[in-house]
Asks: 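Quick one: structure below, then a few questions.
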Amino acid sequence: MQNPQIRVRIAPSPTGNLHVGTARTALFNWLFARKNNGKFILRIEDTDLERSEEKYVQNIYDSLKAIGLNWDEGPDIGGEYAPYRQSERTEIYREYAQKLVESGHAYYCWCSTAELEAEKEIAQREKRDFVYSGRCKKFSREETEKYRQEGRTPVIRFSMPAKKLKFNDMVKGEIEFDTALTGDFVIMKSNNTPTYNFAVVVDDAEMKISHIIRGEDHISNTPRQILIYEALGLEIPQFAHLGMILAPDRSKLSKRHGATAVNEFIDQGYLPEAFVNFLALLGWSPPDGEEVKPLSEIITLFNIDKISSTPAVFEFDKLNWLNGTYIRNLPIENITQRARKYLEKSDLSAYSEKQLREIVEAVKNNLVKLSEIADSISYFFGEDVNIDDQIRETILKTEQSQQVLREFSGLAAELDYRDAEGINEKLGEFRKQMKPLKPKDVMWAVRASLTGRTHGADIAVVIKLLGKERTLRRVQNAITATV
Ligand code: GLU
């Protein structure tokens with residue numbers, strides 16, 4: 001059903017690379033908009049000029065695009081309610097602040113930092129929370145003029161009505177607040193820029209945002225925002241606060257647990273489509289329980305009423321599992337193409353495109369991240385192979401393995417290297433012939449001599465791609481190096 005009035009937004013501050021938490025919030029907003037034929041808006045909240053940087057704005061654009069989230073209005077593409085950067089909207093905030101002053105909902109506050117500090121100290125001594133006394137609210141015109149003459153620059157404070165406030169959160173249910181515990185808070189700073197709680201209301205109202213879907217760390221801001229809506233006589237949007245994302249140890253997800261920015265995950269070799277699938281599972285579960293779901297399918301199944309109100313745990317194991325699954329399901333041309341980025345150091349000219357695909361096909365089932373490809377195919381390059389001491393000592397040097405390798409070098413001289421299936425059959429016969437040695441031990445010796453590893457790609461494919469010369473050479477090396 002068409003529902004044209006649904007308008008949601010993501011409003012990141014460009015003070016760092018796009019965090020996974022913000023990306024998850026963006027995704028849920030985006031899904032809600034796409035599911036309901038609504039609009040998804042990107043607004044850049046850059047009022048903190050000191051901490052905001054242009055490179056982070058770019059990172060926000062790039063990261064959202066990388067995971068397939070497009071926006072209908074935003075700083076780069078404009079829209080009916082432009083500008084979409086808070087730093088370009090200062091005049092609008094001033095006008096709204098003025099309205100609030102005129103209607104008696106806000107007032108100029110001339111208190112100096114020292115005066116406020118003194119108030120805070122008294123509160124501390126009396127062992128109560130500091131709530132601004134509101135002394136400037138009662139100033140007469142003359143007193144105000146006196147301060148102005150002194151050269152003080154005022155802030156504008158919102159005059160908090162003391163009342164019990166309730167709102168119905170779409171995720172968390174009914175939430176109640178006592179606003180008496182919140183003092184009159186600053187809405188415009190002395191440098192004439194707005195604070196977050198004020199700018200966000202002005203922008204959401206001006207931009208006709210119908211639903212505010214964001215992290216639950218903003219619940220405590222909501223009463224202040226609702227009161228500003230009320231004071232300005234504006235329609236209050238619906239709120240939906242998402243549970244936080246926690247690390248597997250249930251603490252706040254931070255750098256100490258690994259990557260936290262979207263671009264870091266993508267650079268590490270997580271496929272964007274797997275990563276966005278994973279993000280969707282942080283608070284939402286597919287009705288059929290099948291977790292591997294492309295974004296296109298998630299759009300149709302997504303239902304905001306089904307979002308969990310409890311924190312979601314960022315399970316790196318699950319992300320790895322999902323990513324491996326996506327890699328295995330990718331068409332081989334596609335995965336080979338994407339793998340090239342991670343193979344800059346490998347001499348790809350040694351193989352044709354077709355052979356490279358065969359190599360990728362042979363190792364892809366063992367990959368968790370695409371970046372692992374460089375390491376997992378390294379033995380396909382160069383004449384010889386690196387074998388570490390442990391493999392040499394525990395596998396290659398044993399008398400049993402030496403016997404296997406001597407026999408195998410005879411077989412390797414006769415194989416048809418164009419035919420992996422044929423090689424596979426011959427290896428089957430070889431294993432039988434080597435009885436009573438265990439087939440596993442036989443193959444470990446062969447594999448270790450050729451690849452320096454105990455597991456990996458289909459060994460028949462490895463032999464085929466290494467070719468006769470290198471196969472013989474590596475087996476021979478494993479024999480002579482240990483005698
Ligand atoms: N700039 C705020 C943030 O990044 C936006 C919060 C909101 O959605 O209201 O947390």
Side-chain angles (χ1 to χ4, degrees), residues 6-33 38-53 56-61 63-64 69 71 73-75 81 83-90 92-93 96 158 167 169-172 175 177 185 187 189 193-229 232 234-245 252-254 260-262 279 283 304 307:
I6 284 194
R7 291 177 56 84
V8 291
R9 59 23 172 211
I10 185 74
S13 303
T15 52
N17 288 334
L18 190 75
H19 190 272
V20 290
T22 316
R24 193 269 309 246
T25 305
L27 171 62
F28 282 16
N29 274 284
W30 183 89
L31 286 167
F32 186 61
K39 296 274 187 251
F40 174 63
I41 291 128
L42 171 62
R43 182 171 73 229
I44 298 291
E45 300 212 328
D46 59 349
T47 45
D48 185 346
L49 291 176
E50 260 164 44
R51 289 175 59 229
S52 296
E53 286 189 48
Y56 297 134
V57 175
Q58 196 54 49
N59 179 274
I60 291 167
Y61 294 163
S63 303
L64 290 173
L69 306 187
W71 47 98
E73 296 165 30
Y81 303 98
Y84 292 92
R85 265 178 186 249
Q86 289 191 327
S87 57
E88 294 169 15
R89 301 174 61 80
T90 319
I92 304 174
Y93 308 125
Y96 275 89
F158 185 74
F167 71 95
D169 190 280
M170 290 168 80
V171 176
K172 300 270 172 191
I175 299 181
F177 275 96
F185 61 95
I187 56 171
K189 299 183 232 170
T193 59
T195 55
Y196 157 70
N197 275 310
F198 182 53
V200 80
V201 170
V202 171
D203 289 344
D204 287 336
E206 283 261 312
M207 295 176 185
K208 306 257 184 308
I209 301 301
S210 61
H211 296 74
I212 294 182
I213 305 169
R214 61 185 174 193
E216 71 178 345
D217 47 333
H218 285 291
I219 288 188
S220 60
N221 288 319
T222 310
R224 275 176 252 214
Q225 296 174 10
I226 290 178
L227 291 172
I228 299 175
Y229 279 102
L232 286 166
L234 298 166
E235 200 180 322
I236 300 169
Q238 293 271 321
F239 290 94
H241 286 95
L242 310 173
M244 298 310 282
I245 300 176
K252 194 172 167 238
L253 186 68
S254 73
T260 52
V262 172
L279 287 182
I304 195 145
I307 297 222

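Whatever order the structure lists them in is the order used to number ligands and atoms, beginning at 1. Remember, it's a predicted structure, so these values are computed and weren't measured experimentally.
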Asks: In chain order, what residues pass the side chain to side chain donor-acceptor pair (under 3.5 Å) check against Asn221, with sequence neighbours excluded?
Replies: Asn197, His218

Asks: Please list all pairs meeting side chain to side chain donor-acceptor pair (under 3.5 Å) that have one or both residues in residues 12-29, counting only residues at least two apart or in different chains.
Replies: Asn17-Asn59

Asks: Answer yes or no for Arg224 and Phe185: cation-pi contact, defined as NZ/CZ to six-membered ring centre under 6.0 Å and angle to ring axis within 45°.
Replies: yes

Asks: Quickly, which of Asp203, Asp46, Thr193, Asp48 forms a side chain to side chain donor-acceptor pair (under 3.5 Å) with Gln86? Name it, please.
Replies: Asp203

Asks: How about Glu45 and Tyr196: does a side-chain donor come under 3.5 Å of a side-chain acceptor?
Replies: no

Asks: Do any pairs count as a side chain to side chain donor-acceptor pair (under 3.5 Å) and have a residue in residues 234-243, sequence neighbours left out, and if so which ones?
Replies: Asp169-His241, Arg214-His241, Thr222-His241

Asks: May I have every N or O pair linking ligand 1 to the protein at under 3.5 Å, one per line with atom names and distance?
Replies:
{"from": "ligand 1", "atom 1": "1 (N)", "to": "Ala11", "atom 2": "O", "distance (Å)": "2.8"}
{"from": "ligand 1", "atom 1": "1 (N)", "to": "Ser13", "atom 2": "OG", "distance (Å)": "3.2"}
{"from": "ligand 1", "atom 1": "1 (N)", "to": "Glu45", "atom 2": "OE1", "distance (Å)": "2.7"}
{"from": "ligand 1", "atom 1": "8 (O)", "to": "Arg9", "atom 2": "NH1", "distance (Å)": "2.6"}
{"from": "ligand 1", "atom 1": "8 (O)", "to": "Arg9", "atom 2": "NH2", "distance (Å)": "3.4"}
{"from": "ligand 1", "atom 1": "9 (O)", "to": "Arg9", "atom 2": "NH2", "distance (Å)": "3.0"}
{"from": "ligand 1", "atom 1": "9 (O)", "to": "Tyr196", "atom 2": "OH", "distance (Å)": "2.6"}
{"from": "ligand 1", "atom 1": "9 (O)", "to": "Arg214", "atom 2": "NH1", "distance (Å)": "2.9"}
{"from": "ligand 1", "atom 1": "10 (O)", "to": "His218", "atom 2": "NE2", "distance (Å)": "2.8"}

